[in-house]
*Asks:* 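Quick one: the structure is below, questions incoming.
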Amino acid sequence: MKNFIQLNEEEKVSVLELVKTFLKSRKTDFKRQSLEEYNRELDQADDEIEAGEYVPHEEVMKRHFK
């Protein structure tokens, strides 16, 4: 959210349209995620970050603006 509010209006619209497109492409029989599943995914993400399995923000920005 911190990064989103720093975008200009055109960029915000673009990001929101991307998210809408992504969500529309999902199956309509969406199953609600349990709290346990959600927490398990957060734990897994934390483990990946601790293991260095992520792309730093600076690298994402470099790739994006090539």
Side-chain angles (χ1 to χ4, degrees):
M1 198 59 188
K2 184 176 112 178
N3 292 327
F4 182 79
I5 61 174
Q6 294 176 359
L7 300 174
N8 66 38
E9 289 306 310
E10 190 173 281
E11 292 167 332
K12 288 178 184 176
V13 169
S14 180
V15 169
L16 291 174
E17 289 302 318
L18 175 67
V19 171
K20 286 179 186 177
T21 301
F22 175 75
L23 292 174
K24 285 180 184 176
S25 70
R26 289 184 167 201
K27 292 181 178 179
T28 55
D29 59 341
F30 181 71
K31 183 185 98 169
R32 188 173 181 104
Q33 186 178 34
S34 72
L35 182 59
E36 291 80 16
E37 290 170 320
Y38 176 75
N39 286 329
R40 191 170 32 255
E41 287 183 13
L42 288 177
D43 290 339
Q44 179 183 0
D46 286 340
D47 291 344
E48 290 173 5
I49 291 168
E50 288 178 21
E53 298 171 6
Y54 65 93
V55 178
H57 180 259
E58 294 80 17
E59 182 62 28
V60 172
M61 296 308 287
K62 282 182 195 175
R63 293 178 190 181
H64 175 72
F65 289 110
K66 272 190 176 180

*Asks:* Nearest 0.5 angstrom please: Lys24 NZ to Glu17 CD, how far?
*Replies:* 7.0 Å
*Asks:* If the threshold is 4.0 Å, N to carboxylate O, is there a salt bridge linking Glu58 and Lys62?
*Replies:* no
*Asks:* Is Phe22 reachable from Val19 through a run of hydrophobic residues whose side-chain heavy atoms are each under 4.5 Å from the next?
*Replies:* yes
*Asks:* Glu36 and Arg40: salt bridge (charged side-chain N to carboxylate O under 4.0 Å, His left out), yes or no, with the steps?
*Replies:* CA-CA 6 Å; Glu36 291 80 16; Arg40 191 170 32 255; over 6 Å; no
*Asks:* From Glu37 CD over to Leu42 CG, what is the distance, rounded to the nearest 0.5 angstrom?
*Replies:* 12.0 Å
*Asks:* Verify the neighbour count for atom OH of Tyr38: are there more than 12 heavy atoms of other residues, nucleotides or ligands below 6.0 Å?
*Replies:* no
*Asks:* Considering all heavy atoms of both residues, which atom of Lys12 and which atom of Leu7 are nearest to each other, and what is their separation?
*Replies:* CE-O, 3.2 Å
*Asks:* Just wondering, more than 12 heavy atoms not from Gln6 lying within 6.0 Å of its CD?
*Replies:* yes
*Asks:* To the nearest 0.5 Å, what is the distance between NZ (Lys20) and CG (Leu23)?
*Replies:* 10.0 Å
*Asks:* Which pair of non-hydrogen atoms, one from Gln33 and one from Glu41, has the smallest distance, and what is that distance?
*Replies:* NE2-OE2, 2.9 Å
